[in-house]
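Before any comments, here is the structure.
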2 protein chains.
Amino acid sequence: MGKGQQTREAILDSAAILASRIGLEGLSIGLLATALNMSKSGLFAHFGSKEALQLETLRAAQQRFAEKVFGPALAAARGEARMRALFDNWIAWLQDSGLPGGCIMLGAVAEYDDRPGAIHDALVAGFSELRGAIAKSVRIAIDEGHLRADTDPWQFAFEMFGIVLATSHDWRLHGDPRALQHARTAFAQLLSRHAQHA
Amino acid sequence: MGKGQQTREAILDSAAILASRIGLEGLSIGLLATALNMSKSGLFAHFGSKEALQLETLRAAQQRFAEKVFGPALAAARGEARMRALFDNWIAWLQDSGLPGGCIMLGAVAEYDDRPGAIHDALVAGFSELRGAIAKSVRIAIDEGHLRADTDPWQFAFEMFGIVLATSHDWRLHGDPRALQHARTAFAQLLSRHAQHA
DNA sequence: AATATTATAAAACGATCGTTCGTTTTATTT
DNA sequence: AAATAAAACGAACGATCGTTTTATAATATT
């Protein structure tokens, strides 16, 4: 790996920390350069525009989510076990994504849900893919006979997502540790509500 | 009402529109002044600081939420009917809060959940109060014999909040109208899961 | 070791930020 | 109608924003 690629990754690591705290929009090249003991222009040259830096930061966050949450869940057995793993990993991700300011993507949604552009598009694509992957895991659980056949995968994914969002809210805004128990309880009931009983 | 109060309210109306689109932080006095055909300094004098303007904008949004969502629900009969009214009003609020950029408070949470200060405190207070009010409405429904006695009001409020958050997400980021149906289905099942059967 | 390429730096750009300062215009009250 | 207070203005402040230009230092390639 060349020197350029090396600093580029260091920049993106630092950018993720900053973006998690102040958002993708608030991410400033000046602050980022100071944090890295670099010049603004030297840093800037790596990306060519702020939007490119934001996009790369977002892309890196999406990739890390895939690695830490989705990837490990694929190691679990098809069906209910995998869904439980996915949920557990996701909740763990909320508590510690390795960043001080919480999930970059959830933060970016609030900023860019109504601002057209490349970042908006990347968010839509990412969350659509995520929701689709959840729905798919539901379908697999149905096929495996773990969930009832009349379970609506999209409805299930919607409710699961809601549990995650509420957990994130309570955990981040209120620092409420009960959120984790609430989440576990809610998901257990969501699962049992659609469970295929023998 | 004096002239000052009059323009002050016009400013806050315009500020709500801007803040809903670009966030409380992105709310700029220059843009706001331009939108109102005022001078920056003239506008600024009404509040004395940007943070004061942000706080007033937030406070106005909280008040409008109370008027449009919570207040009307109190007109419904105690218990389940009131909870349904609250939920319906809330979902309607997500679709049209009168602002082009969605709920200001939900947006502000993403910006200020980890930034200490007066805005953070106002958000914590507001959402705590909201959650407490939901829990209270659950307790009333239990007392009225509509919900089972072993229903945990906080758990219920958590799940209800999650449904709202997921609805907001799908509606705003994806513009997905199915979100409304998903929300209704989820809430109906949440209610029936805790329903006290005769 | 010499050369070509890449990476970083320094300085400056115009724009906008929140804020302050006098001053002037507009309302309100006497 | 005169006196007073409130409100809005225009200009400027220092700071920071993203970006561009020009130049130097470090790295890779031959």
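Within every chain, numbering begins at 1; the chains are lettered A, B, ... in the order of the sequence lines, protein sequences first and strands thereafter. In this text the structure is predicted, and so the values were computed from the model without any measurement.
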Specify the separation, in whole Å, of atom CG of A:Leu32 and atom P of C:dT8. 13 Å

Can you tell me if B:Gln189 and B:Thr185 form a side-chain donor-acceptor pair at under 3.5 Å? no

Distance check needed: D:dG18 P versus A:Glu51 CD, whole Å only. 13 Å

Does a side-chain N-to-carboxylate-O contact under 4.0 Å join B:Arg172 and A:Asp114? yes

Parallel, tilted or perpendicular: which describes the rings of B:Trp90 and B:Phe65, with under 30° parallel and over 60° perpendicular? perpendicular

Sort and list the pairs that fulfil side chain to side chain donor-acceptor pair (under 3.5 Å) and have at least one residue in residues 92-103 of chain A, not counting sequence neighbours. none

Please tabulate, one pair per line, each protein N/O and nucleotide N/O from nucleotides 25-30 of chain C that are separated by under 3.5 Å, including the distance.
none

Charged N to carboxylate O under 4.0 angstrom, B:Glu159 versus B:Arg193? yes

Under the salt bridge (charged side-chain N to carboxylate O under 4.0 Å, His left out) test, residues paired with A:Glu56 that sit two or more places apart: A:Arg8, A:Arg59

If hydrophobic clusters are built by linking Ile, Leu, Val, Met, Phe, Trp and Tyr wherever their side-chain heavy atoms come under 4.5 Å apart, do B:Ile17 and B:Leu43 end up in the same one? yes

Touch class at under 4.0 angstrom, heavy-atom based, for B:Leu53 against every strand present: nothing

Which residues pass the salt bridge (charged side-chain N to carboxylate O under 4.0 Å, His left out) test with B:Arg139, sequence neighbours left out? none

Value in whole Å for how far the P atom of C:dC17 lies from CD of A:Glu25: 12 Å

Rounded interatomic separation in angstrom, taking CZ from B:Phe47 and P from D:dA7: 12 Å

NZ of A:Lys50 versus P of C:dA15: gap in Å, rounded? 18 Å

Which atoms form the tightest heavy-atom contact between A:Ile134 and A:Ala157, and what is the distance? CG2-CB, 3.6 Å

On DNA chain C, nearest-nucleotide positions of B:Gly48 versus A:Ala45: which is more 5'? A:Ala45

Just the rounded figure in Å: distance from P of D:dA7 to CD of B:Gln5. 9 Å

With the threshold set at under 4.0 Å for non-hydrogen atoms, list the residues of residues 35-43 of chain B touching DNA chain D in residue-number order. B:Asn37, B:Met38, B:Ser39, B:Ser41, B:Gly42

Starting at CZ of A:Phe44 and ending at P of D:dG18, how long is that distance when rounded to a whole Å? 9 Å

Identify whether NZ of Lys or CZ of Arg in A:Arg115 sits under 6.0 Å from the centre of the six-membered ring of A:Tyr112 and within 45° of that ring's axis. yes

Check for me whether the distance between the ring centres of B:His169 and B:His174 falls short of 6.0 Å. yes

Counting just side-chain N and O atoms, does A:His46 come under 4.0 Å of either OP1 or OP2 of C:dT8? yes

Nucleic acid contacts - residues 6-24 of chain B versus DNA chain D, non-hydrogen atoms under 4.0 Å: B:Thr7

Taking the minimum atom-to-atom distance to the side chain of A:Ser28, which one of D:dG18, D:dT19, C:dT19 wins? D:dG18

